[in-house]
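FYI, the numbering just counts along the sequence from 1.
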Amino acid sequence: EILNGMSDSLKKYCKLEHVRTDVPSDREKFGTFGIRGLPQLVVVDGNRKELFRFSAGVQESKTILEKIRTSK
């Protein structure tokens with residue numbers, strides 16, 4: 001919900017992709033990125049290389065946006 005509320009701010013920095021546990025085609029991504037706890041935010045570049053992640057748990061929108069801004 002936090003990311004959905006930030007979607008306009010995030011558009012200029014990244015593409016938001018939700019990965020769901022109940023969608024069979026998404027399950028592979030959990031293993032690929034080593035996701036063990038939810039919620040988890042993993043930021044990857046265009047080549048799917050991980051740039052950073054926030055551990056399982058909720059983060060404030062300003063913390064997420066600042067990290068994304070400075071990762072470029």
Side-chain angles (χ1 to χ4, degrees):
E1 198 169 302
I2 291 171
L3 292 175
N4 287 335
M6 300 173 57
S7 64
D8 287 339
S9 298
L10 291 173
K11 282 181 186 175
K12 58 185 164 186
Y13 298 104
C14 62
K15 175 183 157 193
L16 185 61
E17 180 180 341
H18 293 276
V19 180
R20 298 175 47 134
T21 58
D22 61 344
V23 176
S25 61
D26 283 355
R27 291 186 189 134
E28 180 181 321
K29 294 173 187 168
F30 284 88
T32 300
F33 294 107
I35 297 171
R36 302 281 184 253
L38 298 174
Q40 187 144 143
L41 173 62
V42 179
V43 177
V44 298
D45 65 13
N47 295 316
R48 298 257 191 227
K49 179 183 177 228
E50 184 176 324
L51 298 175
F52 66 89
R53 74 174 54 214
F54 286 103
S55 303
V58 177
Q59 301 292 324
E60 292 184 12
S61 59
K62 66 181 181 178
T63 303
I64 294 168
L65 190 56
E66 182 63 26
K67 185 70 174 175
I68 289 172
R69 279 187 197 148
T70 60
S71 70
K72 296 260 175 195

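The OG1 atom of T21 lies 9.0 Å from the CG atom of D26; values are rounded to the nearest 0.5 Å. Going from atom CD1 of I68 over to atom OG1 of T63 covers 11.0 Å, rounded to the nearest 0.5 Å. Here the CD1-CZ distance, from I35 to R53, works out to 6.0 Å after rounding to the nearest 0.5 Å. In this structure, OG in S25 is found 10.5 Å from CZ in R20, a value given to the nearest 0.5 Å. Note that CD1 of I2 and CD1 of I64 are 6.0 Å apart. Values are rounded to the nearest 0.5 Å.
Between the side chain of D45 and the main chain of N47, a donor-acceptor pair closer than 3.5 Å is present.
In this structure, the side chains of L16 and M6 stay at 4.5 Å or more apart for every pair of heavy atoms. Looking only at side-chain heavy atoms (C-beta outward), V19 and F33 stay at 4.5 Å or farther from each other. K29 is listed as a side-chain neighbour of E17, based on a closest heavy-atom distance under 4.5 Å.
Legend: residues meeting side chain to side chain donor-acceptor pair (under 3.5 Å) with D8, ordered by chain and number and at least two apart, are absent. For F52, the ring-ring contact (aromatic ring centres under 6.0 Å, His included) partners two or more places apart in sequence, or in a different chain, are F54.
The number of heavy atoms from other shown groups lying within 6.0 Å of CZ (R27) is above 12.
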